[in-house]
Amino acid sequence: MTLQTEAAAAPRLTSERPQNFYGRTSLSKRPRPLESLIQSFLFLCGALSIATTLGIVYVLGQESLQFFTNPEVSLTEFFFTTYWQPEAGEYGIWALANSTFITSLIAMCVAVPFGLGAAVYLSEYASPHARNFLKPTLEILAGVPTVVYGYFALTFITPILRAVFGVETVEIYNMASAGLVMGIMILPLISSMSEDALHAVPRSLREAAFGLGATRFEVSTQVVAPAALSGVTAAFILGVSRAVGETMIVAIAAGSGSLFTFNPFKAAETMTGYIARLSGGDVSYASLQYQSIFAVGLMLFLVTLVLNIISRRIVARFREVYE
Amino acid sequence: MTNSQHSTGHYLLEAHNLNIYYGTHKAVADVQFNVERHKITAIIGPSGCGKSTVLRAFNRMNDFVPTCRVEGDVLLDGQNLYAPDVDPVEVRKRIGMVFQKPNPFPKTIYENVAWGARINGFKGNMDELVESALRGAVVWDDVKDNLHKSGLSLSGGQQQRLCIARALAVQPEVILMDEPCSSLDPIATLKIEELMRELKERYTIVIVTHNMQQAARVSDTTAMMMLTDDRQSGTVIEVNETNTIFTRPKDQRTEDYVTGRFG
């Protein structure tokens, strides 16, 4: 406002050229090579990840196509049977998918309640001092290499499980141990992401709720958590994706023979475990077994894709948007 | 001591020797004033003199500021809100609050009003309660067809009346309003002011306002706050009937402030 009125009041400058320090009066475009260079570079950064994804889809798709078009493999067998014995020519994905499902489920049963609990504590209850100490400590857990977790499962959790449930019930390699440790591994991810989401909920909403005579628990669970739902859901889905894709822990602790079972104390190879074992072995290139790795990889890729789509739906449907 | 002298039952809220600290900084010093039942009491004064801090001491909202410490007494009907055995949650049920910026929950309009009542154990007919609270806040006609839309879909003025309705649904005795119109346009402001006049029939209202005309228009009693001479802490320098404060103030500083000759 003031600027405009001042400009209007000032004498017109059209008759004389303005005296400015850069000595240019033309309004025509001038070349800015650095600007375009930076723009192209930033575009490349974005394009890189898309190109990589496309490349992965291409490789997975191509090798899988060869696997599925092989006369020895039938799609019905692949999708509807529960025996996975590539050596015997049996390819029923459910043997692997089921153990991936069981280990991930166990992991989420550990990670979600404890992760969310830690997040709510850190964001709503902890003093700033406690928070500044606890959050980084929890995040250290996320930095432990998964191979360490794998041996932690095998040499620490498994003996405990065997002592508690009996040596006959719990096999040395078992899904329960791998799942539990995977849960511990994912816990900091869930708690850290959820805590960020809870913390981002504006203070004004909390004050409004407290002002109505709400307790801290009511405020956290009924006002803050629903408002942070999209972030918490994102954390949950990312946690599931991590569990489904986690390789080292299950390869070490869950065993290396496929078995379709719902008993968590049995050894059963997961999808990732199978891929890791086969790619480490001496399977000949372009053999059917080699191609089966890609078929399993494609399935993993699709699972994560579907999870992401579901999470987007959930978030769009349920989130409580605040300003 | 001073408590017994003042607790005649005439005043609903009383602040005695109230000192409020943020860390080591004494933000509010020696505040003394009382709030009458079914009256609107305005707290006016320049920015940064501690008006909101005093208001928030009335329902223990300062508890959420980690460094904040309150000394002195605030009595509600003779009960000290800062006594060790007092549950701040119970305090806030009886003393509701409306904030500077409208802050409806990201829930439906209906839920915004029903939530506070539900957590406080309301067992009656919720639909009726929601309607009467929304009517009480003069926003029913604006929202009655959209009760299940988000509270955030409303305009600023409607949101603020929704926040008032939300406070009414808990059936408090006192409603604290912290500059409730500062983010609203003049028409919405006028509606809120009309609403306050209606509400004082049933509630007691304390309002902090920057807007002296607003204090003059709506309040019965006005407390003038100002920084002390060392410019460190704010305090109440004069409390009187609003008319007197604006026409014949006793304190020269009040006169300078209300007449715009503030220095």
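Proteins get letters first, then strands, A, B, ... in listed order; numbering begins at 1 in each.
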Look at [X] together with [Y] and state whether they make a salt bridge at an N to O cut-off of under 4.0 Å.
X        : Y        : answer
B:Arg37  : B:Glu173 : no
B:Arg60  : B:Asp87  : no
B:Arg135 : B:Glu131 : yes
B:Lys101 : B:Asp178 : no

I'd like to know which of A:Ala208, A:Ser127, A:Ala209, A:Pro128 tops the heavy-atom pair count under 4.5 Å against chain B.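 Heavy-atom pairs under 4.5 Å are most numerous for A:Ala208.
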
With a 4.5 angstrom heavy-atom cut-off, is it the side chain or the backbone of [X] that approaches chain A, or both, or neither?
X        : result
B:Phe105 : both
B:Arg56  : side chain
B:Leu176 : neither
B:Val89  : both

Contact origin within A:Arg206 toward chain B - heavy atom pairs under 4.5 Å: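 Interface part for A:Arg206: neither.
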
Between B:Lys51, B:His210, B:Gln214, which is the residue that forms a side-chain hydrogen bond (donor to acceptor under 3.5 Å, both in side chains) with B:Glu179?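 Running side-chain hydrogen bond (donor to acceptor under 3.5 Å, both in side chains) over B:Lys51, B:His210, B:Gln214 with B:Glu179 returns exactly one hit, B:His210.
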
